[in-house]
Amino acid sequence: MAGRFGPYGGRYVPETLVAALDDLTELYDAVRADAGFWAEYHALLRDVVGRPSALSTAPRLGELIGTQVLLKREDLNHTGAHKINNAIGQALLARRMGKRRIIAETGAGQHGVATATVCARFGLECVVYMGEVDVARQALNVYRMQLLGATVVPVSSGTRTLKDATNEALRDWVTNVPTTHYIIGSVVGPDPFPRMVRDFQSVIGIEARAQVLERGGRLPDTVVACVGGGSNAIGIFAGFLGDHDVELVGVEAAGKGIASGHHSATLSAGRPGVLHGSLSYLLQDADGQVLPAHSVSAGLDYPGVGPEHSWLRDERRVTYAAVDDQDALAAFQLMARLEGIIPALVTAHAIAWMTRSRGRWNADQTVLLCLSGRGDKDVAHVAVQLQEPS
Amino acid sequence: MGSSLATISSESALAAVWDALRERRRAGLVPYLTAGFPTPGDSLAALQAADEHADVLEVGVPFSDPLADGPTIQESTFRALANGTTLASTLDLIVRAQLDSPVVLFTYLNPVLQYGIPRLLRDAAHAGVAGLLLTDLPAGADPGIEGLVQASPLDLIRLVAPTTGEERLARSVAGAQGFVYLIARLGVTGASSTLAQDLAGSIARVRAATRLPIAVGFGVSTPEQAREVARHADGVVIGSALVDVLGRQGVAASARFLASVRAALDAP
């Protein structure tokens with residue numbers, strides 16, 4: 001079926017939104033074959049984002065792990081993460097639809113900042129929904145969005161995190177759909193969002209593949225990325241899905257440990273269900289109520305995951321692992337000391353998996369990490385975490 | 001009741017109610033209540049009280065992420081979940097309430113999916129449920145599930161929105177059963193001080209596409225608004241306004257509120 005990844009995906013939304021999704025799908029399907037659209041998109045990625053992003057070596061991390069490590073530096077993008085690749089693409093679509101009001105949900109705030117930035121650049125109105133818990137632990141990004149001219153709406157319902165911010169954004173969209181485009185920040189939501197966001201993020205993997213080949217003349221042995229909703233992972237994996245000898249690994253947040261029940265390891269511990277418009281793996285109880293997700297990192301604490309990841313898991317094309325809060329915090333510090341890079345706390349989960357997997361590769365092999373974002377915004381939060389006895 | 005003589009045994013309980021209403025030239029009152037709100041005991045009493053005034057009852061099965069609902073029904077949902085309400089306990093509540101009005105289960109897909117679609121259709125039919133309305137299963141979203149409901153004793157109730165285009169409207173109502181639920185305005189559920197502009201036009205548009213009865217909901221809050229809606233529609237859904245009264249003033253007040261709506265609908 002259209003808009004499905006195997007059985008996953010679909011369009012489970014209130015009737016009011018179906019017409020807007022039909023319009024968006026029609027436009028996007030037309031635009032996919034429109035060279036002019038992609039030329040404009042790539043020109044903006046150069047001009048606004050500073051793409052292509054660098055491919056860096058990580059010699060001291062590599063020495064620790066016992067292999068070659070390469071970093072795809074999405075942290076060096078304008079706004080400090082991969083999120084802006086998608087925000088620019090969708091803002092271009094909104095402009096083509098004549099919609100001048102943009103809404104977005106945000107967890108850690110990176111997608112909100114990226115969307116606010118693009119709206120400022122394009123002169124669009126911007127409203128960002130953010131859970132109250134995240135507003136408190138990501139104060140810097142809240143202020144950054146406000147500086148960029150966006151209205152940040154704190155969401156006080158439910159778990160007061162990304163899940164509920166997404167509910168509230170969807171409620172806004174149902175109410176204002178004729179004038180408003182909803183820039184979903186990850187490869188989640190109803191069709192066409194998961195494939196559209198994937199396409200906009202695939203620039204990461206397409207660039208990285210060419211850069212790795214140029215540097216060493218051969219493909220990496222393993223590609224690693226963190227997975228919350230899963231957009232940076234899908235973006236880098238997209239460059240390598242056809243390379244069957246390349247191992248792909250997605251790393252979720254195990255929070256306080258999967259056995260504790262306080263985690264966000266949807267693909268490791270969830271089962272298929274419907275949330276936010278699509279069928280995918282989901283953290284839920286026996287009655288189908290969605291369970292609160294936990295992670296030390298705002299942005300990974302989402303109880304769902306993109307439907308394409310669910311399919312890649314079932315097909316065993318991608319291996320999914322989980323890393324807990326303590327190991328992620330340790331990797332955050334390790335990366336700073338070894339490489340002089342403060343990674344986003346989300347990305348630190350993928351780094352922790354690499355250090356945990358030391359011995360898996362020999363010195364001649366190459367591991368490519370999607371360094372999805374910079375960690376400046378996480379520094380104050382991490383400082384508090386490291387002082388608290390756990 | 002001339003037309004009801006022609007009613008064949010397989011006709012649904014909902015069809016029989018709407019036929020009888022048409023016969024009597026009376027507008028149908030469709031109250032919505034969230035199962036398990038405000039407490040399991042008061043929920044039972046509120047359903048029984050509403051049954052006195054209702055033609056069809058919508059019973060909401062709480063879901064953790066009610067993204068089609070406004071603040072009032074969200075809050076009732078979270079209270080109901082905190083009270084331990086489940087799909088199974090909702091069916092039990094419906095059985096115990098011994099309601100005269102046919103019941104439509106109103107919920108989201110995931111609780112139903114996890115319960116199991118065939119199992120739900122069987123258990124709900126045993127509990128006397130007449131219809132199923134899933135707010136996040138628009139027409140065509142999942143033909144497999146839709147087909148199972150359509151082939152079951154339960155009617156598949158479909159929602160139609162102001163944004164539903166002509167072509168889609170025709171396809172959607174073609175597979176609808178029981179009645180068509182017309183969303184009066186853009187947005188989530190919730191009381192509103194004014195009715196949508198050109199509601200009469202919206203109803204006429206749906207009327208041209210189907211012979212099924214049309215119930216209108218979202219934002220109908222007062223007896224006066226209900227009466228205005230009933231000039232054009234076959235039925236009026238009262239949800240958030242009722243849940244609000246029940247939550248703040250209790251079962252007796254909710255019954256008085258519905259009685260006032262009923263009186264407005266029945267006034268000559």
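When reading the values below, keep in mind they use all heavy atoms of this one structure, side chains included, and skip hydrogens, waters and symmetry mates. Quick note on labels: first sequence line is chain A, next is B, and so on, each numbered from 1.
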Quiz item: Is A:Asp134 close to A:Asp301 at the side-chain level, that is, under 4.5 Å between some pair of heavy atoms?
Solution: yes
Quiz item: Of the listed residues (A:Ala169, A:Pro14, A:Ala20), which shares the most heavy-atom pairs with chain B below a 4.5 Å separation?
Solution: A:Pro14
Quiz item: Heavy atoms under 4.5 Å from chain A: which residues of residues 241-248 of chain B carry them?
Solution: none
Quiz item: Checking A:Leu282 against chain B: side chain, backbone, both or neither under 4.5 Å from a heavy atom?
Solution: side chain
Practice problem: Verify the distance criterion only: is there a donor paired with an acceptor across the side chains of A:Tyr182 and A:Glu105 at less than 3.5 Å? | Solution: yes
Self-check item: Residue B:Thr164 versus chain A: region with a heavy atom under 4.5 Å
Solution: both
Quiz item: Among side-chain atoms of B:Asp155 and B:Ser12, is any donor-acceptor pair under 3.5 angstrom?
Solution: yes
Quiz item: Tell me, do A:Leu17 and A:Leu170 make a side-chain contact under 4.5 Å, heavy atoms counted?
Solution: yes
Quiz item: For residues A:Thr161 and A:Thr159, is any side-chain donor paired with an opposing acceptor at under 3.5 Å?
Solution: yes
Quiz prompt | Engaged part of A:Pro272 at the chain B interface, taking heavy atoms whose separation is under 4.5 Å | solution = backbone
Practice problem: Output the option from A:Arg271, A:His276, A:Arg11 having the highest count of non-hydrogen pairs under 4.5 Å with chain B. | Solution: A:Arg271
Self-check item: Top of B:Leu109, B:Thr77, B:Val112, B:Ile183 for chain A proximity - count of heavy-atom pairs under 4.5 angstrom
Solution: B:Leu109
Quiz item: Is chain A contacted by the side chain of B:Leu134, its backbone, both, or neither, given a heavy-atom distance below 4.5 Å?
Solution: neither
Quiz prompt | Region of A:Val18 in contact with chain B, defined by heavy-atom distances below 4.5 Å | solution = side chain
Quiz item: Which residues in residues 58-71 of chain B have any heavy atom lying under 4.5 Å from a heavy atom of chain A?
Solution: B:Pro62, B:Phe63, B:Ser64, B:Asp65, B:Pro66, B:Leu67, B:Ala68, B:Asp69
Practice problem: Check the surroundings of atom CD in A:Glu315: do more than 12 heavy atoms from other residues, nucleotides or ligands lie under 6.0 Å from it? | Solution: yes
Quiz prompt | Under 4.5 Å from a heavy atom of chain B, the part of A:Asp164 involved | solution = side chain
Practice problem: Please report the closest heavy-atom contact between A:Ala298 and A:Gln138, naming both atoms and the distance. | Solution: CB-NE2, 3.9 Å
Quiz item: Where do B:Asp234 and B:Arg207 land on the side chain to side chain contact (heavy atoms under 4.5 Å, CB included) test, with the steps shown first?
Solution: CA-CA 10 Å; B:Asp234 301 292; B:Arg207 187 79 76 197; 2.6 Å; yes
Exercise. Might you confirm whether atom CD of B:Gln150 has over 12 heavy atoms from other residues, nucleotides or ligands at distances under 6.0 Å?
Key: yes
